[in-house]
Amino acid sequence: MPVCNIIQAVNDALRIEMRRDPRVVVLGEDVGKFGGVFRATNGLFDEFGPDRVFDTPLAEAGIIGAAIGMALYGLRPVPEIQFADFIYPAFDQIVNELAKFRYRSGGQYTAPVVIRTPYGGGIRGGHYHSQSPEAYFVHTPGLKVVVPSNPYDAKGLLLSAMRGEDPVIFMEPKRVYRAARGEVPEGDYTVPLGSAKVVRQGAQVTVLCYGAMVHTVLEAADRVAGEGFDPEIVDLRTLLPLDTEAVLASVKKTGRAVIVHEAPKTCGYGAELSALIAEKALLHLEAPIARVTGFDTPFPYSLENEYLPSPERVAKAIRDTATF
Amino acid sequence: MPVCNIIQAVNDALRIEMRRDPRVVVLGEDVGKFGGVFRATNGLFDEFGPDRVFDTPLAEAGIIGAAIGMALYGLRPVPEIQFADFIYPAFDQIVNELAKFRYRSGGQYTAPVVIRTPYGGGIRGGHYHSQSPEAYFVHTPGLKVVVPSNPYDAKGLLLSAMRGEDPVIFMEPKRVYRAARGEVPEGDYTVPLGSAKVVRQGAQVTVLCYGAMVHTVLEAADRVAGEGFDPEIVDLRTLLPLDTEAVLASVKKTGRAVIVHEAPKTCGYGAELSALIAEKALLHLEAPIARVTGFDTPFPYSLENEYLPSPERVAKAIRDTATF
Amino acid sequence: MLASARPQPDDSVFSLLDDDGRVVPGGRAPALSDADALRLFRGLLQVRLVDERMMRLQRQGRLGFYMLSMGEEATHFAVHALRPTDWVFPSYREPGAAFHRGYSLKDFVNQLFGNAEDPAKGRQMPVHHSARWLNLVSISSPVGTQIPQAVGMAWAARISKRDDVAVTYFGEGTSSTGEFHVGMNFAGVYKAPVIFICRNNGWAISTGKERQTASQGFAVKAQAYGFPGVRVDGNDLLAILAVMEDAVARARAGEGPTLIEAVTYRRGGHSSSDDPNVYRDPNEPKEWERRDPIERWKKYLVGRGLYSEAVEQQYRKEIGEEIAAALAHAEQVGPPAVETLFHDVFAEIPPHLEEQKEYLLSLPRPTNPHGGH
Amino acid sequence: MLASARPQPDDSVFSLLDDDGRVVPGGRAPALSDADALRLFRGLLQVRLVDERMMRLQRQGRLGFYMLSMGEEATHFAVHALRPTDWVFPSYREPGAAFHRGYSLKDFVNQLFGNAEDPAKGRQMPVHHSARWLNLVSISSPVGTQIPQAVGMAWAARISKRDDVAVTYFGEGTSSTGEFHVGMNFAGVYKAPVIFICRNNGWAISTGKERQTASQGFAVKAQAYGFPGVRVDGNDLLAILAVMEDAVARARAGEGPTLIEAVTYRRGGHSSSDDPNVYRDPNEPKEWERRDPIERWKKYLVGRGLYSEAVEQQYRKEIGEEIAAALAHAEQVGPPAVETLFHDVFAEIPPHLEEQKEYLLSLPRPTNPHGGH
Ligand SMILES: Cc1ncc(C[n+]2csc(CCOP(=O)(O)OP(=O)(O)O)c2C)c(N)n1
Ligand SMILES: Cc1ncc(C[n+]2csc(CCOP(=O)(O)OP(=O)(O)O)c2C)c(N)n1
Ligand SMILES: [Mg+2]
Ligand SMILES: [Mg+2]
C-alpha cells in the first residue's frame, strides 16, 4: 500500500474510473495539458486525450451547464471548479438545474455530475481562495455533499461519487492537499457515501468535524488527551446524506458535543448538526452544544490564523464542554 | 391610519424615500412603466421618470452588478429581483461582491444596495416561483436579511433598510402580498432592523417564525388556544442581525421552542435558531426543539399544500412540544 | 481612428413566403412532401386551438396558469428538420415542437393539471413539459439555463462519435442572460453541433426588444462567437424550414453551430397572469395579425392545391375532440400520491427524507390551507 | 441561403509606433507634453522594477504571492487619458494604472504585506489594491465581476448629470464570463460612459486565447452590443493613448461605450505560483521580447530628443530607493490588530460579531497553526 497525498489519491481515482468507464469525462479551467492548478488532473490529458479531458473557456456557468448537458446525454462528467470561491457564477446551474433535474422531470432525466472543487483556508488566499461554501449546497435538496479529510477516503469516496446516480459536490480540503498523507491501496475500492468514521474513540465529548478540520481536531485531541481529557472524534466524510446514526450514537454515549468547521458560524453546517442533536438527543445532553467555526466575517488575509479554528480553540471548547 | 396591503406598503415606502432622497433609484425587470409584475413599483416611473426608475435587460447579474456600481458612486439603488428563485444568476455579485465590498476595501467602499425580492410558496408556482432562499444569505457575512410579515413592518423595515449603510436582502412574502392587510400610518416612520416582535404573548411554548409563516402560526395558535394551549409567537422580522435577546428571553421563559419556516429543513434558518438555543439556553429547555419546515425536496407544484407547513402541522408541533 | 463598429447586418430578414403565401421570386424552397405540408398545417392549428381552449379554461378558473404562443406558432415547427434521435431543449413557449415530436394532447393536458398521470408527476408549473422518450428535455423556468446544457449535450454527441444535433429555443429577452453568452461561446470554441433558435417576439414580459440590446437584431450576436447567425421571418414556416435544414446539415457535418433569429411577435400577454395593454399599444398586435403564420401557411397550401375547407374543418374537429377528451380525462385524474413528494430527489430515498415522508404520511391529509386556487 | 457570418474584422491592429519607436507614416499621434512623455517612461520603468523586485522577494519567501505584468505595462497607462474624477475598475494586473493615479509605492508594498498600514487593512491577497481617494475601485479575484459594476457606475454618473467616465480592465480570458456579456450589454442599452479595456495577453493561466473564443480577436464582440470595438497594439503606448482619447471623448460626449482590445502578451507566469513552461513553448515569450513596450517607448523618447541614459539611470535609482524604503518600512510594520478582523463587515458591529470579537480577544494570540507560509 503506497503512501500518497490527497491530490495523488484524487488523480488515482479519476484515472481508475476513466479507464473503467468510457463515459467519464473531465472538464474545467486548466485541467487539460496543464493538469489543473493543483495538478489533480495531471497526466489524464496525455492518457485519455482531448475528447475526454478538456480545458474550457473561463466560465463556471458554462462548465456546469455543459456538464449537465453531457450527463443528460449519458456521459459521466467530472467538472473541476478551480476554487470553491469561484463556484457562484455556476450557482444557478447547480441549485436550479443540476439539483432539480431528476425531480422536476419526474425521474425521467438524471444528471449524475460530480463537481470537484478545492475549498477552505490556511493557504494565505484571502477571501477568494479560502471559502468553505458547503452549507449552501447542503441546504439545496437534490445534491450530495462529500468532504474527505485524507487520501484513503478521498479516493474511495470519489470513486463512489462517480459511480452513483446523483449529483455530488465533492469538496477537497486544499490546505492538506499535500500535507495529509496516508496509505492508499492501489486499484479499485470504494468508501460509501453517507457513512461517517470515528477517527478517535473517546468517552467524554463528541467532536464532529470534516475535511481539513479533522487534522486540527486531532491535534487538539492530542493536547487535551495529555491533560486527561478523552474526546471522541467523528469525521463525517459525507455531509449529505449525513450518517445520522453515527452522530447520534456518539453524542448519546458522551452526552456532550463540540462541532468544528471553517465556514462562518451563522447558518453553517454546524447549525444543522446542533439542531439535529437538539431534536433527537436533547435528553442525553449534559452540556450546551459548542460550535468552533470561522467567524461571521468574510475570510481575511492577514488574520487568517485568527479566523480559522485553531487546535487551541478546539482544545478550549473540548475542555469547556467536558467540564461544564 | 388607512388600511393597506404589503404591496401598497412597499410602494409607499419606495415613494416616500424617493421623494426624500434623490439618490434613491429603482431598477429591475419590468419595474418601469409596467410597475413590476406584482405592481410594487407602480406609479414610480410616472412620478420620478426614467432616470430614477429603469427597466433592465433580462440579467440578474447585471441588475445587481450595476446596482453595486451605482452605490459605489453614491446612489442608493433598490433593485428588484422578480422572484427570489431567479436571484442565483446574481449570486456571485451578491455573495462575493456586494457582501464583501466594505470589508475587502478596509472600509473605503460601501455598497448600500437594498435588494427587494418576493419569496415563498403558496401561489401554485412550482419550484421556480416559490423558493425561500434566506439561509444562503444569512450564511453570507456582510448581508442583512429582512423578512416582514405585514404591511406595517414592510413599510417601516424597508424605510430603515434604505436609510442604512449596509446591503440588505429584503424578502417579501408574496403569498400574503395582498392578503395581509393592516393599518399603516401615512408618511414617514421606521421599524429598526434587528428587532423581533412578540405577536402573541404566551407562557407555554415559544414559536419562532417570520414572513408568510407568521400567518400560518397565528392560525395554528388560534386552534390550539381553543384546546387550552398558550403559545408565545415571535415574529423575527430581521433574520440577520437577529434579535437574539428577544428569542432567548422568550425561550427561557417558556422552556420550549418550535421553529417554523417554509425553506427546506436541512441547514435552513431554523437550524441556526435551534443551534443558538442549544448554545445559550440549553439548561432552560424542557423539550426537544421542534422544527416545522418545508421538506428537503425541491418545491413541488401539485403537492405544495403538503409541502408547506400548515396550521395543522404547526399546531401538532405546539401540542407535542408543550406536552413533552 | 477608432475602427468603428462594422456596419451592423442590415435589417433584412430572410423569407420565402410573401404575405399571401406565395414563394417569393427566386426563393429556393426546401423539399416538402404533401403529407408533411398538411401535417404541419394540422400542427399549427393544434397549437392555436389548444392555446385558445386553455386560456378559456384558465379564465374560468379551471386551470392555474397558462402561456400561449399566438402568432409565434411557425417557430415551433423548426424541429421538423430534425431526426427523432436529435435533441430539443425548449423554452416554455413552443408546445408545437413537443406535439410535432409526438407529445400527446393527453400528456400535455395532464401536465397542465399536474395530476397523477403527468409524465413529470405534477412537479412543475403548467407548460413545463418533459418527455425523455422524445428527446425533449425538461423545461425550466429560469430562462437561458438550457442554453449551455444544449451545448454540452451536442458536444457530448460529438465526442461520442455520433451525429446527433441539439436544438435550443429561447426568447430575445433571454439573449441578455449570462447563460446565453456562456453557451454560445462554448459552442463556438468546441464547434458543437447545436442550433440556437432565438424567438424574437419583441417582448420580454413588459420589456421591449430595444431594451434588451443596442445591436441591430439578435442574429448579429453570433459574430462574437465566430459562427453564423441568420435572421429569418418567424412567421414564415417555409423560410424557417429552409434555414433549419441548412443549419442542421452544417451541424451534422461538423461545421459547428448556427444562431437563428426568428423575427415574430407575441400577440398575446406574456402569460395568463399578464395584461399587455397596461404597457403596450393595443394596436401593435393588430398589425401583426395580417402576418399570421397559420394564415400564411394555409395560403401556401392553397397554392400547392393541398388546402380544402373540408380538410381544415376535419382537423379542427379532430383536434377539438382530442382536447375535450384529454380535458375530460385530466380533470378526473386526481393529484399525485402524497408519498411521491419524496421521490426523485435522489435515485434512492435517503434516511432523512424517508423520515420526513413517514412524518407527512402520519398526518391527516391537509385541506387546502392557503385558500382555493 | 444562410446569411453567413459577416467577415470577421481582419487581424489588423491599430498601432502608431513601429518596433523602433518611430511614428508610422501618416500616423496621427495624440498631443503629449515632454513632461508627460517622460512621466510615462518613469511609470513604465517603475512597474518593471517593482515586478522584478517583488518576484525576487517572493522567491526568497519574504512575500506570499505576486502577479507580474512583464510586457503588458503599456496597457496600464491608458488611464493617462482620464481625469482624476473619472473612475477605474482594474483587474489584478495593472499596477501602473494605480501608480499613475498617485498610488504610492509605500501603500503598494504595505498592501502586498497586508500589514497594519495597508490602506485596505490587510484584508485581501497581495495585488488586490483599493484606493478610494484615487477613484480606484477595490480589486476582486473573481474575474469579470467588476465589469457590470463599472457600467453601473458610469450610468450613475450620467443620470447624476455629471460627465465622469468609468474604465474597466480585464483579461481576454475574462471575456468568456457571463459578467462580461451582461456588463457590455447593459452598457450598450444605456449608452453608459464606460470604456472596456480587454488586455489580450494570449493566456488565461494555461489556457490559450483560441480556447476562449472562436471569434477573430475580442474587439469584434462589441458588435453584439451595438457599440464600437477597436484592436490596438497593446505594446504601443502611443497608440493606446490615441485610442483611449477617442473613447473617452465619445463617452464624455454621451456617445456611449467603447471596447478596446489591447493585443499584448503575458511574458511571465500567471502568478508567482505558476510555471508557464509546463504548458507553453518557452520560445513564445522570447518572440515578444523584441516588442517590449518599454524599449519602444524609450526609442520614441529618443526620437523626440527626450531620452538620455542619465535620466533613465536617475529614474532607476530613485525607484530602486523608493522600493527599498517601502520594503524596509513594510517589513517592520506588524499585522493589523486582531480586533480589526471584525470591523467593516457592517457599518457598525452587530451583537453577534461583538460577541465573537470578545471571544477571540479573550484567547491567547495563536501561534501560526498551519505551518509557516
Ligand atoms: C433568470 C430569470 N429571470 C427572470 C425570469 C422571469 N421571466 C419569465 S419570462 C421572462 C421574459 C422572457 O422573455 P423572452 O426571453 O423574450 O421570452 P418570451 O417570453 O418572449 O418567449 C422573464 C423576465 C425568469 N424566468 N428567469
Ligand atoms: C470567476 C473566476 N474563475 C476562475 C478564476 C481563477 N483565475 C484567476 S485568473 C484566471 C485567468 C484569467 O485570465 P485573463 O482574463 O486572460 O487575465 P490575465 O490573467 O491573462 O491577465 C483564472 C482562471 C477566477 N479568478 N475567477
Ligand atoms: Mg420575447
Ligand atoms: Mg489573459
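We name chains A, B, ... by the order of the sequence lines, and we start the count at 1 in each one.
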query: Under a 4.5 Å heavy-atom cut-off, does chain A meet the side chain of Ser160(C), its backbone, both or neither?
result: side chain
task: Find the one option among Pro351(C), Pro142(C), Ala156(C), Pro336(C) whose heavy-atom pairs under 4.5 Å with chain A are most numerous.
output: Ala156(C)
- prompt: Quick one: what part of Glu355(C) sits under 4.5 Å from any heavy atom of chain A, side chain, backbone, both or neither?
  reply: side chain
query: Between Glu179(C) and Ala61(A), is there a donor-acceptor pair closer than 3.5 Å when you use the side chain of the first and the backbone of the second?
result: no
- request: Can you see which heavy atom on Met70(A) is nearest to which on Gly152(C), and at what distance?
  value: CG-O, 3.2 Å
- request: Would you sort out whether Leu72(A) and Trp87(C) count as a side-chain contact (heavy atoms from CB on, under 4.5 Å), showing the intermediate values?
  value: CA-CA 10 Å; Leu72(A) 298 176; Trp87(C) 290 81; 5.6 Å; no
task: State whether the number of non-hydrogen atoms from other residues, nucleotides or ligands found under 6.0 Å of Glu47(A) atom CD is greater than 12.
output: yes
query: Based on non-hydrogen pairs under 4.5 Å, which of Val189(C), Asn135(C), Thr340(C), Asp164(C) is most in contact with chain A?
result: Asp164(C)
task: State whether the side chain of Gln108(A) and the backbone N or O of Pro119(C) hold a donor-acceptor pair below 3.5 Å, judged by distance alone.
output: yes
field: Region of Leu353(C) in contact with chain A, defined by heavy-atom distances below 4.5 Å
entry: neither
task: Give, for atom CD of Gln93(A) and atom OG1 of Thr145(C), the distance between the pair rounded to the nearest 0.5 Å.
output: 5.5 Å
message: So which residue, Gly142(A), Gly74(A), Pro89(A), Ala59(A), ends up with the most heavy-atom pairs under 4.5 Å with chain C?
response: Gly142(A)
- prompt: Is there a donor-acceptor pair under 3.5 Å between the side chain of Arg123(C) and the backbone N or O of Tyr103(A)?
  reply: yes
statement: Residues passing the side-chain hydrogen bond (donor to acceptor under 3.5 Å, both in side chains) test with Glu339(C), sequence neighbours excluded, are none
task: Answer with side chain, backbone, both or neither: which region of Lys100(A) has an atom nearer than 4.5 Å to a non-hydrogen atom of chain C?
output: neither
- prompt: What part of Ala166(C) is in contact with chain A, defined as an atom under 4.5 angstrom from a non-hydrogen atom: side chain, backbone, both or neither?
  reply: neither
- request: Run the salt-bridge test on Asp344(C) and Arg104(A) with the 4.0 Å N-O cut-off and return the result as yes or no.
  value: no
- prompt: Between Ile159(C) and Asp51(A), what is the shortest heavy-atom contact and its length?
  reply: CD1-O, 3.4 Å
query: Which pair of non-hydrogen atoms, one from Phe186(C) and one from Ile63(A), has the smallest distance, and what is that distance?
result: CZ-N, 3.6 Å
task: Please confirm whether the backbone N or O of Ile68(A) pairs with a side-chain atom of Gln149(C), one donor and one acceptor, at under 3.5 Å?
output: no
- request: Grab the two heavy atoms, one from Arg132(C) and one from Tyr109(A), that are nearest each other, plus how far apart they are.
  value: CD-CE2, 3.2 Å
- prompt: Taking the six-membered ring where the residue is Trp, are the ring centres of Trp155(C) and Phe54(A) under 6.0 Å apart?
  reply: yes
field: Main-chain N/O of Ser105(A) paired with Gln124(C) side-chain donor or acceptor, under 3.5 Å
entry: no
Atom group of Leu58(A) that falls short of 4.5 Å from chain C, counting heavy atoms: neither
Exercise: identify the closest heavy-atom pair between Phe101(A) and Ser138(C): CE2-CB, 3.9 Å
- request: Tell me, out of Ile139(C), Asn185(C), Val137(C), Ile147(C), who's got the most heavy-atom pairs with chain A below 4.5 Å.
  value: Val137(C)
message: Would the distance check show the side chain of Asp166(A) and the main-chain N or O of Phe346(C) forming a donor-acceptor pair, the cut-off being under 3.5 Å?
response: no
field: Side chain, backbone, both or neither of Asp118(C) within contact of chain A (heavy atoms, under 4.5 Å)
entry: neither
field: Engaged part of His343(C) at the chain A interface, taking heavy atoms whose separation is under 4.5 Å
entry: backbone
field: Which atoms of Asp243(A) approach chain C - backbone, side chain, both or neither, heavy atom under 4.5 Å
entry: neither
Contact summary for Val345(C) and Pro141(A), nearest pair of heavy atoms: CG1-C, 4.2 Å
query: Among Arg52(A), Lys280(A), Arg23(A), which residue forms the greatest number of heavy-atom pairs with chain C at distances under 4.5 Å?
result: Lys280(A)
